[in-house]
Number of protein chains: 2
Amino acid sequence: MSGNWRPPSSTDVARAAGVSQSAVSRAFTPGARIAEATRARILEAAQALGYRPNLLPKILQTNRSGIVAVVVGGFYNPYFAMTLEAFSKALTAAGLQMMLVRVESDRILDGVVDQLAGYRVDAVVSALALTSQAAADQLSKLRIPIVTLNSDLAGDWIRSVSSDNFAAGEAAARLLRERGGTRFGFVAGPADSPAQVAREAGFAHGLATLGLPPATRAGGGYDYASGEQAARDLFSGAERPDALFCANDLAAFGVIDVLREDFGLSAPGDVLVVGFDNLDMAAWAPYRLTSFDQDVDAHVAVAMELLDLEAGATCVARTVPSRLVERESTRRG
Amino acid sequence: MSGNWRPPSSTDVARAAGVSQSAVSRAFTPGARIAEATRARILEAAQALGYRPNLLPKILQTNRSGIVAVVVGGFYNPYFAMTLEAFSKALTAAGLQMMLVRVESDRILDGVVDQLAGYRVDAVVSALALTSQAAADQLSKLRIPIVTLNSDLAGDWIRSVSSDNFAAGEAAARLLRERGGTRFGFVAGPADSPAQVAREAGFAHGLATLGLPPATRAGGGYDYASGEQAARDLFSGAERPDALFCANDLAAFGVIDVLREDFGLSAPGDVLVVGFDNLDMAAWAPYRLTSFDQDVDAHVAVAMELLDLEAGATCVARTVPSRLVERESTRRG
DNA sequence: ATGGCGAGTGAATAGCTATGCACACATTCG
DNA sequence: CGAATGTGTGCATAGCTATTCACTCGCCAT
């Protein structure tokens with residue numbers, strides 16, 4: 001019997017209140033012309049029936065769902081939590097809802113495009129390290145704006161907002177040099193991440209510009225375990241580095257812990273360490289990690305701005321400066 | 001000109017392929033009766049136009065959106081990230097989409113109900129510490145199933161799944177006692193969290209059952225800073241505890257860091273510490289924290305199961321056992 | 001030869017809301 | 001007092017898809 005139950009419709013309310021369906025609609029539309037008495041009677045009937053206007057017909061007509069899809073690859077990195085939090089606030093403030101899509105790989109994103117297009121999402125935000133070009137093209141064809149974070153996609157209807165990863169890499173080189181570093185190491189993120197690539201390139205360029213020897217290299221992931229492994233690799237050899245730039249904080253934590261536990265080394269006592277993301281944890285006592293703050297709020301603000309650029313079918317790329325937050329891990333003595 | 005652009009509809013495809021709209025619909029409906037040749041011609045035309053079936057009309061008729069709303073209070077706690085990740089996987093596997101809603105307070109949840117109801121979400125999952133009874137009632141009225149996590153809501157169409165918080169509190173008391181604790185302390189979470197209340201009550205009951213003195217108490221939040229403050233409060237007095245049960249891991253980390261930095265105390269050397277949630281970080285070298293694992297996957301599996309209980313208008317509450325993961329922080333000597 | 005049958009297709013419709021248009025009525029102004 | 005203005009309401013429709021119903025056309029069996 002409850003199998004064919006339906007939520008009350010505006011027609012049901014109209015019948016209950018003895019008015020037409022359009023009157024009900026007007027009662028729920030701010031600024032619509034309706035007598036206050038009628039309106040009150042309708043709201044009363046609606047309340048009694050538990051009526052809520054169905055948003056779908058409106059969407060069907062206007063093709064504006066009020067939904068923005070946010071695509072992420074996983075949540076293990078607190079940086080994504082920060083991004084999600086900021087986006088959530090911004091979207092709510094703009095009266096939009098967030099559809100959260102988690103994809104294992106970019107191949108699967110292609111499959112998800114059908115769904116997103118089917119729900120007529122107003123826009124897609126991709127926090128994926130690597131966003132599928134094919135998927136982006138499909139969305140472009142449907143004129144669904146897409147904003148990528150720290151990616152390097154190109155094409156119509158595609159906007160991107162990134163940190164100044166290259167410049168930050170250079171800045172890291174300068175800082176480590178100033179603080180007394182002589183043998184440099186780089187703890188890498190995943191090779192397919194454009195941010196990782198830019199940070200490493202900037203670091204290398206910074207070292208070269210200062211006339212310093214290139215950095216030894218280890219790692220290959222944005223996670224804690226990658227950092228652990230990188231530290232073991234870098235410090236098992238004879239020529240141990242004394243200044244490290246890590247592709248992100250999570251890896252830096254792994255590095256610092258292994259240095260302390262396995263090698264009895266401390267930061268900054270024996271090794272200078274710089275991270276990236278400025279997670280909350282970077283300020284915690286065991287780490288006090290110098291790190292580049294990506295200014296998530298600014299990223300999101302720019303992203304929201306780019307989403308609003310309805311007309312712009314041209315490719316837009318914006319860069320948000322990151323801010324160096326120096327803590328104990330680079331203060332020697 | 002692009003102001004009134006509309007994505008291609010099935011009618012557009014039909015025109016292009018020289019068939020009727022129903023044929024197009026059939027071409028995209030698995031198992032529908034259509035000649036293979038026609039189907040191929042339609043798919044070709046659809047491909048050329050970039051057609052994707054609009055899901056909204058179907059939703060309008062069936063009242064099944066394929067969307068589940070997940071309501072959270074924030075993302076600062078990695079525990080929510082774990083939950084979100086697990087839910088995301090489970091929903092994807094079930095062919096559902098996740099609408100993520102972040103609310104500042106439960107009052108705002110009331111306002112959000114209109115939206116959720118308007119989108120005709122199939123169900124609501126609330127990971128809120130405190131879920132508004134009023135909001136839940138509204139959803140019940142619309143026959144939208146609601147599942148709360150670690151909450152103690154009651155009513156029709158409301159299901160809840162919780163950890164065995166009370167039992168875990170008792171277990172914590174037994175463990176700390178066995179490991180040599182004599183003066184006990186409890187680092188509390190927020191007072192309005194049912195999980196916090198149950199954990200504290202279980203701990204108190206456990207201590208009493210063992211004939212031990214009651215625990216001193218500090219804290220009042222699930223975050224790191226709360227833990228820091230709690231440690232300062234608990235260890236500034238003359239009678240310092242030597243065994244702590246923390247309402248969650250994040251607070252426990254704050255406790256451990258302050259003990260080490262400000263008081264020169266170590267866990268487990270000077271103080272035994274038990275946390276709750278078993279975050280990834282609990283295994284990290286500076287902490288090696290004994291913690292109760294809430295088994296997020298099991299929580300989510302049960303939640304998904306409860307969502308499927310379409311018929312059940314009765315209130316269902318399920319408990320998932322948490323698993324004690326013992327690490328160095330409670331191993332003395 | 002003819003009734004029956006299955007496959008393939010088109011026409012029509014349900015589902016719900018917002019809104020343009022038309023109409024009825026009241027009020028005000030010349 | 002007639003006209004004009006304004007207010008409040010109902011009618012009809014668009015928006016898109018899945019699905020039911022009806023129809024046609026081969027084909028087989030009787």
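No experiment lies behind these values; they were computed from the predicted model shown. Labels below follow one simple rule: chain letters A, B, ... track the order of the sequence lines, proteins then strands, and each chain is numbered from 1.
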Quiz prompt | Value in whole Å for how far the P atom of dT9(C) lies from CZ of R39(B) | solution = 12 Å

Practice problem: Nearest 0.5 Å please: distance from the OH atom of Y119(B) over to the CG atom of L56(A). | Solution: 9.0 Å

Exercise. Find out whether S140(A) and I158(A) are in side-chain contact, i.e. whether some heavy atom of one side chain is under 4.5 Å from a heavy atom of the other.
Key: yes

Practice problem: With sequence neighbours left out, write down each residue that passes side-chain hydrogen bond (donor to acceptor under 3.5 Å, both in side chains) with D297(B), or none if nothing qualifies. | Solution: none

Exercise. For T38(A), answer base if it contacts any base atom (sugar-phosphate contacts may also be present), sugar-phosphate if it contacts only those atoms, and nothing otherwise; contact means non-hydrogen atoms under 4.0 Å.
Key: sugar-phosphate

Quiz prompt | Axis-to-axis angle between the two ends of the helix from dA1(C)-dT30(D) to dG30(C)-dC1(D) (five base pairs per end, rounded to 10 degrees) | solution = 50°

Quiz item: Hey, where on DNA chain D does chain A first and last touch, going 5' to 3'? Cut-off is any atom under 4.0 Å from a heavy atom.
Solution: dT7(D) to dC16(D)

Exercise. On DNA chain C, check which nucleotide each of E36(B) and S22(A) is closest to and give me the residue with the more 5' one.
Key: E36(B)

Quiz prompt | P57(B): partners by side-chain contact (heavy atoms from CB on, under 4.5 Å), with sequence neighbours left out | solution = L60(A), N54(B)

Using atom types as modelled, flag every donor-acceptor pair under 3.5 Å from a side chain in residues 78-87 of chain B to any protein atom, sequence neighbours excluded.
residue: Y79(B); atom: OH; partner: Q294(B); partner atom: OE1; Å: 3.4
residue: T83(B); atom: OG1; partner: Y79(B); partner atom: O; Å: 3.0
residue: E85(B); atom: OE1; partner: F75(A); partner atom: N; Å: 3.1
residue: E85(B); atom: OE2; partner: R102(A); partner atom: NE; Å: 2.9
residue: E85(B); atom: OE2; partner: R102(A); partner atom: NH2; Å: 2.7

Quiz item: Any chance the side chains of S162(B) and H299(B) put a donor and an acceptor closer than 3.5 Å?
Solution: no

Contacts under 3.5 angstrom, residues 89-100 of chain B side chains, donor-acceptor by atom type, not counting sequence neighbours:
residue: T92(B); atom: OG1; partner: S88(B); partner atom: O; Å: 2.8
residue: Q97(B); atom: NE2; partner: Q115(A); partner atom: OE1; Å: 3.1

Quiz prompt | side chain to side chain contact (heavy atoms under 4.5 Å, CB included) evaluation trace for L307(B) with V147(B) | solution = CA-CA 7 Å; L307(B) 287 181; V147(B) 174; 3.4 Å; yes

Give me the distances for all protein-to-nucleotides 21-25 of chain C N/O pairs that come in under 3.5 Å?
none

Quiz item: At under 4.0 Å between heavy atoms, what does S9(B) touch on the DNA or RNA strands: base, sugar-phosphate, or nothing?
Solution: sugar-phosphate

Quiz item: Mind checking what makes salt bridge (Lys or Arg N to Asp or Glu O under 4.0 Å) contact with D122(A), not counting sequence neighbours?
Solution: R64(A)

Exercise. Could you state the atom-to-atom distance from CD of Q21(A) to C1' of dA18(C) in whole Å?
Key: 8 Å

Self-check item: A298(B): side-chain contact (heavy atoms from CB on, under 4.5 Å) partners, not counting sequence neighbours
Solution: D295(B), V320(B)

Please list every donor-acceptor pair under 3.5 Å in which a side-chain atom of residues 25-49 of chain A meets a protein atom from a residue at least two apart or in another chain.
residue: T29(A); atom: OG1; partner: S25(A); partner atom: O; Å: 2.7
residue: R39(A); atom: NH1; partner: A27(A); partner atom: O; Å: 2.8
residue: R41(A); atom: NE; partner: A17(A); partner atom: O; Å: 3.3

Practice problem: Only pairs at least two apart or in different chains count here, so list each side chain to side chain donor-acceptor pair (under 3.5 Å) that has a residue in residues 13-23 of chain A. | Solution: S10(A)-Q21(A), D12(A)-R15(A), S20(A)-S22(A)

Quiz prompt | Validation row: L116(A), D114(A) side chains within 4.5 angstrom (heavy atoms) | solution = no

Quiz prompt | DNA chain D contacts among residues 10-19 of chain B, heavy-atom distance under 4.0 Å | solution = S10(B)

Quiz item: More 5' along DNA chain C: A23(B) or K58(B), using each one's nearest nucleotide?
Solution: A23(B)

